[in-house]
Every structure is written in C-alpha cells, then in structure tokens.
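Comments concern the structure below.
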Amino acid sequence: MEQQWKQSLYVYVDQVNKGRVAPGAEQQRSTVRDPRFLLEQGERSRRLAQWYERRGITPLRSETGVRTLRTVRQNPSEVVADVALHSALYYEKGGITHREDVIEAERLTFVLEGSTWEIAAVERSVPERNSMRRVAGGEPALRLSKWGESLPVPQPSQPLLNKNILRGITGSKEVRYRREDAAAYADRWWKDGNPEFEVFEVDCTNYVSQCLFAGGAPINYTGKRETGWWYKGYNGAQEWWSFSWAVSDSLQRYLGADRSSGLRAEAVERADQLMLGDIILYDWDGNGHYQHSTIVTAFDAAGQPLVNARTVSSRHRFWDYRDSYAWTDRTAYRFFHINDYL
C-alpha cells in the first residue's frame, strides 16, 4: 500500500517542479482534489509569473526532493503524512545562473478512490508567520510544533556557560564585523541547526543572531531577558537567552536602538543599500510587529540581496519573499546595515 500512495506523492512533487519553472501554465495531470488548495495555487501561480517578470529572471529548472517526516495516520483507504519538500530553483538573470533553495513542510492527506490514490487535502503551517508569542510573565511560548502539537519539555542542551559562545563580550576593544564569516556561517547552517545552540521551532532569529555572532558581533550579556543581546543555553527547562537573540520583533528594536558600543546597525531605506551580512526583518501584516528575520548572503546579477533563513530553511532566496506563503500585500520590511566596527 505504501508504494501505491507514494506514487501519488511523486506525481505531486513533479507538479511542484513544473509549477516553479512555468507558473501559470496549465497542469497536464494532477493528483490533488483539494478545491481550496487548487484555487490558492492558481492565484499563487499568477503572482509568481508576474514576480519572475518583474525581477527579469528566466527559470531554467527546478529539482525537488521529498522526505516523509512521519505518517500521522494510516489505514487501507486513507494516509495522512507530514513531508518535507526541498526545492532547488535554477534561474538565469543578466547572463548569470543562480540557484536558490527552500525546504517547506506540508501535511498531505491521501485517499483511495477506486484503485487510485489521490491527495484530498494539502495543509501548510506557514511557520514564518508563527513568531514567538509571549505568555504571562514575558516568556516566549516555544513548545509547539509546526502543526500546533505539544512538544516535550526540553532537555539540557549545551553547558549553561559555553565559553566558546561567550568569547566576545561587550566592553572589549572595538572589532571589525567580518561580513564574509557571517555569510559563510549562514551557508553552513541554513539547513541543519548548529548543535552548539538550541534549535527552536521558530528558529529564524536565533539563526540570524548566530550568524551575527560568527561575524564577530560581541555578546552583550545582562542576565535580563528584556535587555542586551546574549545566549547561554538551557539550564534544565529554564531558557537562558535574551529576547533580542531569539525574537524577530525584539531584535528589530535592539538593532534600531542607539548605543555607543557592541552590536550596532543603521536602518536604511532600500534593500540595494545592504551589504553581505546585513539583516532584513519582515512584518507580514504591516502592523509594526516583525515576525521573521533573514541575513544577506549573496546578490543577484542586478545587485539585489539574496538571503538565508531558518524555520522555513532557505538559501540565497530573493529578499522580498513574495514567493513565501507568509507574504501579503501589507508586508513591510526593515533593512539594517550592520556597522563595520562593533
């Protein structure tokens, strides 16, 4: 039975590939029978085609691999499975071939119709929108999966006082921000989190903070979660890091504040003013609350930034994120140029 429903999955993956290379083109064959999904995909395809044209890119090919994360439910006529789709899109712009990678999770419901397995429902959790929420007492609520299921109480991770992590301390002499090192770290750990740090279900800002640190940004340890910019790990179930280290909106406020030393940044007006290792934050609803963080790791042939992120693991993705399921026409951005000396 498994091979039978997986054949339907492979047809679906082929549709994903074709939809990325030729959005808007009519699909010859579809295994999906979810009307809501088909309507949304039609609208998304039209938007992607317009986006490609506006960017002046020519998609060349898409390579998508699929991995079954777990089978949630299985019986002779129905299978519900969580899958991860790793898509690599190759495109040409200005005579240069670029590649971008995105790994997205979906929950697919397969049903047996006669002798054929079809996909009755496609669910996406859109974790980029699920910024860490504060609960009573100011603690972020981190212990829900992408599907809203309870996660176990965390076990101790690295030692509470990790000397390797705390090697940079505010108050030491000014250091140069090593942009290439920050970008190299981002490319090293975009897919799998660095085991030296806790990996969160909403991991984008934790990841970006690690990249900044790898570039030489000094830890500003205050011991208070509401101030500074610091990380020490878990002590049992107790979280030891500042909100600015792990929460997009808090990092946005930290980078936007004036200070005379340590991690400092200048807000700029346009994405093309950014350099390698600079930061972009995303407010999907345009309400002033920033929910997602990325770091600049490359540039396209027109000099526009390409970014890396985690939560939805992404490498060299076009900065405006219009291909994201989180994006809306109300999306606002903050562009931060990190000071050359910290």
Side-chain angles (χ1 to χ4, degrees), residues 127-134 138-142 165 168 170 177 179 182-183 185-186 189-190 193-194 197-233 239-259 261-268 271 274-297 305 307-314 319 321 324 326 331-339 342:
E128 291 157 319
R129 293 190 65 85
N130 298 338
S131 59
M132 290 187 185
R133 295 172 289 107
R134 302 269 181 98
E139 300 294 320
L142 303 177
I165 290 174
T170 296
Y177 181 47
R179 300 180 179 279
Y185 182 98
W189 296 109
W190 74 275
N194 185 347
F197 295 84
E198 177 69 13
V199 176
F200 304 145
E201 286 299 314
V202 179
D203 203 43
C204 58
T205 308
N206 173 44
Y207 166 76
V208 164
S209 288
Q210 292 174 39
C211 296
L212 290 168
F213 181 75
I219 293 291
N220 178 10
Y221 178 70
T222 64
K224 297 180 180 180
R225 305 196 69 185
E226 297 80 7
T227 61
W229 179 74
W230 54 275
Y231 175 99
K232 290 172 67 176
E239 301 151 354
W240 284 72
W241 50 78
S242 64
F243 291 138
S244 60
W245 183 278
V247 181
S248 294
D249 200 53
S250 297
L251 177 62
Q252 181 268 143
R253 288 196 299 272
Y254 187 81
L255 292 177
D258 290 330
R259 60 180 55 82
S261 63
L263 176 56
R264 288 166 289 166
E266 174 190 359
V268 296
L274 298 175
M275 299 173 63
L276 207 66
D278 285 341
I279 305 301
I280 305 177
L281 295 116
Y282 301 74
D283 168 10
W284 305 121
D285 303 304
N287 60 7
H289 178 73
Y290 289 81
Q291 299 156 283
H292 187 53
S293 311
T294 68
I295 181 168
V296 177
T297 51
V307 298
N308 283 26
R310 278 187 52 79
T311 303
V312 172
S313 296
S314 306
W319 69 267
Y321 258 63
S324 169
T331 297
Y333 309 89
R334 287 211 76 184
F335 307 113
F336 281 107
H337 172 65
I338 306 301
N339 281 22
L342 305 170

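Only heavy atoms go into these numbers, but all of them, side chains included; no hydrogens, no water, no symmetry mates.
The CD atom of Glu128 sits 3.5 Å away from atom OG of Ser324, with the distance rounded to the nearest 0.5 Å. Going from atom CG of Asn194 over to atom CZ of Arg310 covers 10.0 Å, rounded to the nearest 0.5 Å.
Figure legend: Arg129 and Tyr282 shown without cation-pi pairing, the cationic atom not lying both under 6.0 angstrom from the six-membered ring centre and within 45 degrees of its axis.
Proximity of Gln252 to Phe336: side-chain heavy atoms (C-beta onward) are separated by under 4.5 Å at one or more points. No side-chain heavy atom of Arg253 sits less than 4.5 Å from a side-chain heavy atom of Phe243. Proximity of Ile279 to Thr294: side-chain heavy atoms (C-beta onward) are nowhere separated by under 4.5 Å. Looking at Trp189 and Gln210, their side chains never come closer than 4.5 Å, going by heavy atoms from C-beta outward. Residues Phe335 and Trp319 form a side-chain contact, since some pair of their non-hydrogen atoms from C-beta on lies under 4.5 Å apart. In this structure the side chain of Phe213 never reaches within 4.5 angstrom of the side chain of Tyr185, judged on heavy atoms. You'll find the side chain of Val312 reaches within 4.5 Å of the side chain of Pro127, heavy atoms only. When side chains are defined from C-beta on, Trp245 counts as touching Asn206, because their heavy atoms get closer than 4.5 Å.
Of all heavy-atom pairs spanning Leu251 and Ser293, the tightest one is CD2-OG, 4.4 Å. Nearest approach of Tyr254 to Asn220, heavy atoms of both residues: OH-ND2, 3.0 Å. Smallest separation of non-hydrogen atoms from Tyr177 and Ala182: OH-CB, 3.4 Å. Between Thr205 and Ser248 the shortest heavy-atom distance is OG1-OG, 2.8 Å. Taking both residues in full, the closest heavy atoms of Thr311 and Cys204 are given as OG1-N, 3.1 Å, listed atom of the first, atom of the second, then distance. Ala186 approaches Ile295 most closely through the heavy-atom pair CB-CG2, 3.9 Å.
With Ser209 as the fixed residue, the side chain to side chain donor-acceptor pair (under 3.5 Å) test singles out one of Trp230, Trp241, Trp229: Trp229.
A donor-acceptor pair is defined here as one N or O able to donate and one able to accept, closer than 3.5 Å; such a pair exists between the side chain of Gln291 and the backbone of Trp284. In this structure, the side chain of Arg259 engages the main chain of Leu263 through a donor-acceptor pair within 3.5 Å. Side-chain N or O atoms of Ser313 include one that pairs as donor or acceptor with a backbone N or O of Trp190 at under 3.5 Å.
For Arg334, there are no salt bridge (charged side-chain N to carboxylate O under 4.0 Å, His left out) partners two or more places apart in sequence or in a different chain. Listed by chain and number, the residues in a salt bridge (charged side-chain N to carboxylate O under 4.0 Å, His left out) with Asp283 amount to none (sequence neighbours excluded). For Thr227, the side chain to side chain contact (heavy atoms under 4.5 Å, CB included) partners are Thr222, Lys224, not counting sequence neighbours.
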Practice item. Take Trp240 and Tyr231, measure what side-chain contact (heavy atoms from CB on, under 4.5 Å) needs, and give me the verdict at the end. Key: CA-CA 6 Å; Trp240 284 72; Tyr231 175 99; over 6 Å; no
Check your understanding: After noting the C-alpha distance and the side-chain angles of Leu212 and Ile338, does the key distance pass the side-chain contact (heavy atoms from CB on, under 4.5 Å) rule?
Key -> CA-CA 9 Å; Leu212 290 168; Ile338 306 301; 4.0 Å; yes
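Judged by distance alone, the side chains of Ser244 and Ser250 never bring a donor and an acceptor atom under 3.5 Å apart.
Electrostatic pairing of Asp278 and Arg179 counts as a salt bridge here, judged by a charged N lying under 4.0 Å from a carboxylate O.
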